[in-house]
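Below, all heavy atoms of this structure are taken into account, side chains as well, without hydrogens, waters or symmetry copies.
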Amino acid sequence: MKQFFKRLSPYIKQHKIYFFYSIVGTILVAAASGASAYLVKPVLDDIFIAKDLELLHILPFAITLAYFAKGLGAYIQSYFMSFVGQDITRQIKETLLDKFLTFEMDFFNRYRKGELYSRILGDVGVIQNAVSNYIVTGIKEFLTILALVGVVIYQSPELAFYGLVVMPLALYPISRIAKSMRKNSKKLQEKSADLSSKLAEIFNNMEIIKASAGEKMECREFAAQNKEIFKITMKTVRVSELTSPLMETLGAIAIAIVVIVGGHKVISDEITAGAFFSFTTALFMLYTPFKTLNSLYSKVQQAFAASDRIFEMLDRRAKIVDGAKELKETIQKVAFKNVDLFYQEEQALNNINLEIRRGESIAFVGSSGGGKSSLVNLLLRLYDPSHGEVCINDENIQDFTQKSLRSKIAIVTQRIFIFNDSIAQNIAYGSEMNEERVRAALEKARILEYVESLPNGIHTMLEESGANLSGGQRQRIAIARALYKNPEILILDEATSALDNKTEEEFREALKDLLVGRIVIIIAHRFSTVSLAQKIYFFQKGRIIANGTQEELFEKCESFREYYKSV
């Protein structure tokens, strides 16, 4: 608990004034609850027994005022704590996403999307309940207990002993319940993350599910995971709801003892009937906040479990550490020096040595898994080499800020990323919008004519994943996005795979002008695209086994001849 509040304290300190208002409301509720219990004594003793007419006209207003103060205090507390809870969770969500975006690609490869959704949305939502409801509700109930205990002791210290003995007796079983709740809550959050991951997988792969008639199978797998959550949830409910019958039973025993002892005291005139009923009213009122407090203690374990998962992410350090220097100079040379790359235990690149100069266009060819895309991923610093270094202008790229490095590089991959935004915003993504530059990029990508035929032109909204475009159109949008940056290094990773032969030929003609004055790296299986490169590097099992022109490789490398015949 101490660690939970320590980690949240920077967020809580920003809202000190709202916490103050909420505590004022809480004190009002506690004081009014104590006052309403105390007022039972004068109502019975002075009005109904002593028949005091003057108090008959005063006490109803006092009772009304007490309940008005209680309602006003509850409103103030609820409003300001809801504000604090909503704002803190808003900030944590933003901080968590900001932290995620600093992590290397390996992190996103290892964690399922649904797991990350669950951390930002599900776990943070649980913390919101703790901040908005549990904390101040706990304070309110604690202060109410103090006020009512004061009334109970004031009316009869002896009866207070019998009535309050239940509280320490309940602590041990409540603590055991809370421990079990925290354990079950962590399991529940993990299983909920699994379910979110399954849903994300289903919706992301809907086309293949439909094409393979896999709907029933997916429903069965989802139902199995959903049933696991149901079982854990019911186990959690079974444990948490034990607090209520436990408190009811112990409370009933205490009240029975109070009625016996108190009844004798009233009969023997040791206390008045009003004092006894004031005492019992306060005692009955006391068990409600005490039971609520015990229930909250169990529920807050869910927030502790969620905070463990959230702060696990916030405490994690990015493996790709940003450099301090801005890459401002024009890129004259890129060099890979003795580069190895491992993905966990698997080696993707083995002793790569390669140099590319400004104005050169090269191609990487080879079977899938040969290491071609891994090499360009190192240039973008999506990964860092396990050994060796990647240099620009003879400086290690790890010395540069990632933003300044990537601002000079554009990449088009076979996997197209389209955002649910306008065509113009998709083209200018990550850069300042300029409509003329957007049109020029669309023209070079051979899609401007189609875009301008749309009702809203470049401002036409694209659906999620570009569902309202054909595969070739999506790829040309991606090509236009790369060209919009006017990069010094242009990477085309199977960039023309979805284009028809006519469009690819047009694009190749347009590319000839773009090759001048920049470094171009082409990864392709189609040798029509590779023909744009001045030099070809042939990859096999993470190594460059040969390089040269297509004719040179065909002449000197048997593996290349076999590969060439197979594609």
Side-chain angles (χ1 to χ4, degrees), residues 101 104-106 108-109 320 327 330-331 333-336 339 341 348-349 352 354 356 358 360-366 368-385 390-392 397 400-419 425-431 437-438 441-442 444-447 465-466 471-499 504 507-508 510-511 514-515 517-526 529-530 532-533 537 539:
L101 295 178
E104 67 288 348
M105 281 302 300
D106 188 52
F108 295 99
N109 294 336
I320 304 290
L327 178 55
T330 301
I331 297 175
K333 182 174 68 172
V334 173
F336 297 85
V339 168
L341 176 65
L349 294 171
I352 300 295
L354 172 62
I356 321 163
R358 186 182 176 200
E360 291 183 348
S361 56
I362 66 169
F364 297 160
V365 301
S368 296
K372 307 180 298 295
S373 296
S374 294
L375 197 61
V376 298
N377 285 341
L378 292 180
L379 182 57
L380 285 159
R381 283 206 79 195
L382 301 181
Y383 301 86
D384 276 341
V390 182
C391 296
I392 286 179
I397 63 171
F400 300 120
T401 64
Q402 295 173 66
K403 183 177 180 180
S404 67
L405 170 68
R406 292 167 184 164
S407 69
K408 292 178 175 287
I409 305 173
I411 182 169
V412 184
T413 65
Q414 187 174 12
R415 187 181 178 191
I416 306 303
F417 301 94
I418 300 293
F419 297 92
Q425 290 293 349
N426 267 277
I427 300 300
Y429 181 78
S431 306
R437 281 176 60 197
V438 168
L442 289 167
K444 291 172 184 174
R446 298 297 190 265
I447 193 174
S465 301
Q473 288 166 345
R474 286 196 293 271
Q475 196 141 30
R476 277 176 275 181
I477 291 292
I479 290 168
R481 180 189 294 149
L483 299 178
Y484 181 87
K485 288 179 75 173
N486 191 27
E488 294 180 27
I489 300 176
L490 177 62
I491 301 168
L492 304 173
D493 189 352
E494 296 290 356
T496 61
S497 60
L499 303 182
E504 186 194 11
F507 180 62
R508 283 204 316 273
L511 264 182
L514 297 169
L515 300 180
R518 73 182 84 227
I519 291 171
V520 179
I521 300 173
I522 300 168
I523 301 174
H525 287 98
R526 289 184 184 180
T529 308
V530 173
L532 289 167
Y537 290 83
F539 282 71

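- Side-chain N or O atoms of Lys372 include one that pairs as donor or acceptor with a backbone N or O of Gly366 at under 3.5 Å.
- Using a 4.5 Å heavy-atom cutoff, the side chains of Ile489 and Val334 are in contact.
- Between the CG atom of Asn109 and the CD atom of Glu104 there is a distance of 9.5 Å, given to the nearest 0.5 Å.
- Taking CD1 from Ile352 and CG from Leu375, the interatomic distance works out to 6.0 Å, rounded to the nearest 0.5 Å.
- Ile397 is not listed as a side-chain neighbour of Cys391, based on a closest heavy-atom distance of 4.5 Å or more.
- Between the side chains of Ser404 and Thr401, at least one donor-acceptor pair of N or O atoms lies under 3.5 Å.
- Between Leu405 and Arg381 the shortest heavy-atom distance is CD2-CG, 3.8 Å.
- When every heavy atom of Val530 is checked against every heavy atom of Ala363, the shortest pair comes out as CG1-CB, 3.7 Å.
- The line from CG of Leu380 to CE of Met105 is 10.5 Å long, rounded to the nearest 0.5 Å.
- At a cut-off of 3.5 Å, with distance as the only test, a side-chain donor of Asn486 or Arg518 sits close to an acceptor on the other residue.
- Scanning all heavy atoms of the two residues, the minimum distance from Ser374 to Leu341 falls at CB-CD2, 3.9 Å.
- At a threshold of 4.5 Å between non-hydrogen side-chain atoms, the residues Leu490 and Ile521 do not count as touching.
- By the 4.5 Å heavy-atom criterion applied to side chains, Ile418 and Arg481 are counted as neighbours.
- The nearest pair of heavy atoms linking Gly371 to Leu349 is O-CD2, 3.3 Å.
- You'll find the side chain of Thr330 reaches within 4.5 Å of the side chain of Glu488, heavy atoms only.
- Distance CD1/Ile331 to CG/Leu327: 5.0 Å, rounded to 0.5 Å.
- Distance alone, capped at 3.5 Å, places no donor-acceptor pair between the Arg476 side chain and the Ala445 backbone.
- Considering every non-hydrogen atom in both Ala410 and Lys485, the closest pair reads CB-CD, 4.1 Å.
- Contact check for Asp384 versus Leu378: no side-chain heavy atoms found under the 4.5 Å cut-off.
- Side-chain contact check for Leu483 versus Arg437: every heavy-atom pair is 4.5 Å or farther apart.
- Here NZ of Lys408 is found 9.5 Å from CZ of Phe400. Values are rounded to the nearest 0.5 Å.
- Distance CD1/Ile491 to OG1/Thr413: 10.5 Å, rounded to 0.5 Å.
- Within the 4.5 Å cutoff, the side chain of Ile522 has no heavy atoms near those of the Phe364 side chain.
- Counting all heavy atoms, side chain and backbone alike, Pro385 lies closest to Val339 at CB-CG1, 4.2 Å.
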